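Note that this is a predicted model, so its numbers are computed, not measured.
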Amino acid sequence: MSLHTPRKKPRIHFDDDEGLRKSHSTSSGPSSPLQKQREQLPIAKGRDALIREIRENDVTILLGETGSGKTTQVPQYLLEAGMAGKGMVAVTQPRRVAATSLAARVAAERGVKLGSLVGYSVRFDEVCGADTKIKYVSDGMLVRELLSDPLLSRYSVIVLDEAHERTLRTDFLIASLKSIQVKRKQAADGKRKGKSPSSEINPLKIIVMSATLDAEKFSRFYHNARILYVKGRQHPVKIFHTAVSQTDYVESALRAFFQIHLDQPPGDVLIFLPGQEDIESLEKTIISHAKRLPVSVTNVLVCPMYASLPPSQQARIFSATPSKMRKCILATNIAETSITIPGVKYVIDTGKCKEKRYLSKDTGGGFDTLLTRDITKASALQRAGRAGREGPGFCFRLYTEEAFNNLAASLEPEIRRCSLTQSVLELKCLGQDLETVEFMDPPDINSVIAALKTLWIIGALGNSNELTPLGRQMASFPVEPYLARIILASSAHGCTSEVIDIVSLLSSSSSLFLDISDQRDAIASARSKFRHPSGDHLTMLNALRAYQEMAETENKSSRKEWCKQHFLNERTIAEALKIRDQLRSTCGRVGLDWRASKKDSEEPVLRSFTVGLVQQSALLQPDGSYKQLMGHSVVKIHPGSTLADKKVPAIIFDELVYTNHIYARGVSSVPRSYFNGVTPALPNGS
DNA sequence: GAGCACTGC
């Protein structure tokens with residue numbers, strides 16, 4: 001890094017620099033009672049027209065900009081108009097926090113207790129009652145509900161919110177609801193004609209809510225459904241592009257930040273970066289440059305923000321900025337949709353993000369890629385909007401206007417980018433095939449073939465791709481099919497208790513072991529206490545057991561301290577313990593004894609894992625590299641693994657991610673003989 | 001030699 005102070009660096013030239021120096025007003029407004037606020041929302045003016053349209057049409061596409069109030073108001077309008085009938089209004093959300101906080105907001109607006117008229121339902125947490133009419137649900141929850149109630153008969157209206165995000169689960173619902181609506185209409189018509197008087201099935205109304213201009217596509221899919229538009233309400237954000245394209249976005253972000261810091265009035269700065277590595281490096285350079293500024297200049301408070309950051313450090317961004325300081329938040333895409341940071345007036349957008357994409361291989365041994373790429377127009381607009389939450393804001397794009405115009409309109413839907421194993425299995429349970437279901441965007445045929453192959457290898461499907469009893473059992477576990485296979489395999493090896501402990505940790509959303517890049521030595525020595533010679537799976541089990549032993553006698557704050565000392569993520573442990581409860585009760589339902597234990601014996605556990613991980617395994621080659629057992633890729637053990645640098649005859653692993661190399665993460669060493677008999681077709685007779 | 005973000009009764 002150069003040692004110049006930022007002032008001596010050449011300025012980045014943004015178009016319309018003049019406008020940047022003009023006055024900066026701030027917003028203010030007296031807070032008003034909830035009902036008055038409701039009436040003032042942009043959507044309130046269109047209430048009657050909206051109800052009329054929804055009443056007259058089976059499907060309505062509602063396009064609402066940020067701040068229109070559509071997500072909180074439309075369900076209430078439906079209720080007030082009597083359109084819930086005897087059923088419920090479900091509103092789906094891609095994120096849990098959105099579902100729970102929206103439900104709380106709407107309950108407050110109606111002056112009722114959460115869980116009475118208005119409730120929510122997400123994994124591990126359901127606040128609903130017999131009189132609940134408006135229910136906010138995570139989209140994954142509604143997919144699970146579909147498996148036990150294929151017509152979703154409890155709901156009169158289903159609102160798919162944030163449909164533009166095109167998550168795999170929303171796409172799954174968009175496709176399923178189309179055929180459900182036909183079936184329910186037929187059933188209801190039959191009832192009217194007296195053909196099936198016992199039927200309680202009523203017609204279903206579908207409302208698709210979206211924020212971007214993909215409306216025509218949703219409309220075409222639902223037989224040219226009506227599209228309604230609602231204006232939003234956001235403070236204006238002035239957008240600047242660079243005059244010329246930038247070669248190094250981290251360097252450019254550094255310069256742009258100090259231009260704002262030195263020239264612009266108070267207000268916090270949010271910088272969007274693709275990942276942890278860039279965030280850490282920019283954090284260091286901003287701090288070192290800020291130290292060289294004259295004492296008269298406002299101090300800088302740098303706050304990194306990404307999902308795997310320990311919660312205590314994440315909390316910093318929500319605390320008020322100390323006076324005479326400027327907060328500078330360095331964030332990934334987490335700040336684009338998942339969290340809203342108060343006080344942000346300036347956004348710096350590098351135009352980059354990381355994207356996970358599944359690469360299927362015809363050999364069946366595919367892997368995920370996690371690479372930095374350009375964002376989309378939709379994403380650029382969303383990022384800019386983060387500057388206009390509380391008052392007029394400014395967005396500095398570190399790319400030219402021409403580059404912006406050349407960005408893709410929106411992200412490719414998840415169904416085209418990720419492994420489809422679980423979705424194929426879920427559809428099989430509903431008696432359908434992913435190849436024949438009508439999706440808005442059909443999945444790639446190679447991904448479908450890869451998913452079918454995986455399901456066949458783990459025994460969920462038979463030779464004619466028919467669902468096996470084993471496959472149906474796997475689908476009842478709320479984990480990836482290969483993890484469910486491991487649990488089922490543990491039954492024969494008598495170690496379900498140990499296996500469920502490990503699977504719960506693997507299925508958690510974040511890693512058990514914290515990774516703080518400048519404390520890696522301390523982390524390695526803390527972890528050596530738990531280290532098991534076979535590798536990461538049993539090391540995780542040792543860590544979990546040590547935590548539980550400690551937790552029996554210690555109080556909350558000393559548990560927290562213990563986790564900190566051992567660099568364990570307490571949030572992961574808490575999540576894993578909840579997942580474990582679910583898995584234990586699922587075991588009960590499918591007739592497995594989760595108490596079965598082989599104590600400290602490693603062989604049964606590793607044998608069980610090998611059954612589910614045959615496809616995720618590699619053999620040591622004479623040249624010291626590892627090559628996939630099923631597939632042709634050479635893989636490296638991830639440096640964070642307890643087996644990094646170790647040479648063992650064979651490994652199994654949780655996932656394969658291509659970043660700089662193809663890395664195997666979550667690795668254990670197993671004897672090659674364990675593969676005998678667990679795979680239907682081994683290549684080369686190895 | 002090192003991880004974007006979500007979700008599951």
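- Backbone-only engagement by A/Y663 is indicated by non-hydrogen atom pairs under 4.0 Å involving sugar-phosphate atoms exclusively.
- Between A/T332 and B/dA5, a side-chain N or O to OP1/OP2 separation shorter than 4.0 Å is present.
- Against DNA chain B, the stretch residues 411-432 of chain A makes heavy-atom approaches under 4.0 Å through A/E414, A/Q422.
- For DNA chain B, no neighbouring residue in residues 372-379 of chain A is found when judged by any heavy atom under 4.0 Å.
- At the heavy-atom level, A/L370 lies under 4.0 Å from base atoms of the strands shown.
- When the side chain to side chain donor-acceptor pair (under 3.5 Å) test is applied to A/D441, the partners found at least two apart in sequence or on another chain are A/R166, A/K217.
- Between the A/S507 side chain and the A/V503 main chain, no donor and acceptor come within less than 3.5 Å of each other.
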For residues 652-662 of chain A, please give each side-chain donor-acceptor pair under 3.5 Å, one per line with the distance, not counting sequence neighbours.
{"from": "A/D654", "atom 1": "OD1", "to": "A/H537", "atom 2": "NE2", "distance (Å)": "2.7"}

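- Of the residues in residues 122-136 of chain A, those placing a heavy atom less than 4.0 Å from an atom of DNA chain B are A/V122, A/R123, in numerical order.
- If you check every strand for non-hydrogen atoms under 4.0 Å, A/Q93 touches nothing.
- For the pair A/T659 and A/S148, nearest-nucleotide mapping onto DNA chain B gives the more 5' position to A/T659.
- Among the heavy atoms of the strands lying under 4.0 Å from A/N660 are primed sugar atoms or P, OP1, OP2 only; no base atom is included.
- Of all heavy-atom pairs between A/A99 and A/V137, the closest is CB-C, 4.2 Å.
- The stretch residues 581-589 of chain A touches DNA chain B through A/Q582, each having a heavy atom within less than 4.0 Å of the strand.
- When each of B/dC9, B/dG1, B/dA2 is scored by its nearest atom to the side-chain atoms of A/R520, the top-ranked nucleotide is B/dA2.
- Within the nucleic acid shown, A/G275 comes within 4.0 Å of sugar-phosphate atoms alone, with no base atom in reach, counting heavy atoms only.
- A/M209 pairs in a side chain to side chain contact (heavy atoms under 4.5 Å, CB included) with only one of the listed residues (A/T92, A/L160, A/T71), which is A/T71.
- Scanning both residues, A/I458 and A/G612, for their nearest heavy atoms gives CG2-O, 4.1 Å.
- Following rounding to the nearest Å, A/E277 (CD) and B/dG1 (P) show an atom-to-atom distance of 13 Å.
- Nucleic acid contact class of A/S138 (heavy atoms, under 4.0 Å, all strands): sugar-phosphate only.
- A donor-acceptor pair shorter than 3.5 Å cannot be found between the side chains of A/S508 and A/T572.
- Counting only distance, with no hydrogens or angles, the side chain of A/Q314 and the backbone of A/A307 share a donor-acceptor pair below 3.5 Å.
- Here the CE atom belonging to A/M88 is positioned 9.5 Å from the CD1 atom belonging to A/I158, to the nearest 0.5 angstrom.
- Comparing B/dG8, B/dA5, B/dA2 by their nearest atom to the side chain of A/H638 picks out B/dA2.
- The distance between atom CZ of A/R95 and atom P of B/dC4, rounded to the nearest whole Å, is 18 Å.
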Expected output check: what is the dot-bracket annotation of DNA chain B, where ( ) and [ ] are pairs inside the strand (brackets for crossing ones), | is paired with another strand, and pairs are Watson-Crick or G-U under 3.5 Å? .........

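- Of the candidates B/dT7, B/dC9, B/dA5, B/dA5 carries the atom nearest the A/K356 side chain, counting heavy atoms from C-beta on.
- Between A/E336 and A/R383, at least one side-chain N (NZ, or NE/NH1/NH2) sits under 4.0 Å from a carboxylate O, which counts as a salt bridge.
- Minimum heavy-atom separation, A/A103 to A/V118: O-CG1, 3.6 Å.
- Contact annotation for A/Q276: backbone-only contact, meaning every heavy-atom pair under 4.0 Å involves sugar-phosphate atoms and none involves a base.
- For A/F218, there are no ring pair (Phe, Tyr, Trp, His ring centres under 6.0 Å) partners, not counting sequence neighbours.
- With respect to the salt-bridge test (charged N to carboxylate O, under 4.0 angstrom), the residues A/R357 and A/D368 do not qualify.
- Checked against B/dT7, B/dG1, B/dC4, the side chain of A/S509 finds its nearest nucleotide in B/dT7.
- Here the P atom of nucleotide B/dG8 and the OH atom of A/Y482 are 18 Å apart, to the nearest Å.
- Of the residues in residues 161-172 of chain A, those lying under 4.0 Å from DNA chain B by heavy-atom distance are A/R169.
- Checking B/dC9, B/dA5, B/dC4 against every side-chain atom of A/K354, the shortest atom distance belongs to B/dC4.
- Partners of A/T167 under the side-chain contact (heavy atoms from CB on, under 4.5 Å) rule, at least two apart in sequence or in another chain, are A/P94, A/D139, A/E165, A/R169, A/T170, A/E414.
- Whole-Å rounding puts the A/L173 CG to B/dT7 P distance at 15 Å.
- Applying the side chain to side chain donor-acceptor pair (under 3.5 Å) test to every pair with at least one member in residues 469-479 of chain A, sequence neighbours left out, gives no pairs at all.
- Here B/dC4 presents its P atom at 8 Å from CD1 of A/I279, a figure rounded to the nearest Å.
- One atom, CG of A/L506, and another, P of B/dG8, lie 18 Å apart when rounded to the nearest Å.
- Qualifying side chain to side chain donor-acceptor pair (under 3.5 Å) partners for A/K352, counting only residues two or more places apart in sequence or in other chains: A/D374.
- Rounded to an integer number of Å, the gap from CG of A/L146 to P of B/dG8 is 15 Å.
- A donor-acceptor pair under 3.5 Å is formed between the side chain of A/S511 and the backbone N or O of A/F513.
- Backbone-only engagement by A/R96 is indicated by non-hydrogen atom pairs under 4.0 Å involving sugar-phosphate atoms exclusively.
- Heavy atoms of A/S510 sit nowhere under 4.0 angstrom from any nucleic acid atom.
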Report the C-alpha separation of A/E570 and A/K564 in whole Å, then their side-chain angles, then the decisive distance to 0.1 Å, and conclude whether the salt bridge (Lys or Arg N to Asp or Glu O under 4.0 Å) test is met. CA-CA 8 Å; A/E570 200 177 11; A/K564 208 173 159 188; over 6 Å; no

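- Side chain of A/T642 to main chain of A/R531: no donor-acceptor pair is present (N/O by atom type, distance under 3.5 Å, no hydrogens or angles).
- The two residues A/D536 and A/S641 make their nearest non-hydrogen contact at OD2-OG, 2.8 Å.
- The nearest whole Å value for the distance from the CE atom in A/M141 to the P atom in B/dG8 is 6 Å.
- A/G459 and A/T468 make their closest contact through O-OG1, 2.7 Å (heavy atoms, listed as atom of the first residue, atom of the second, distance).
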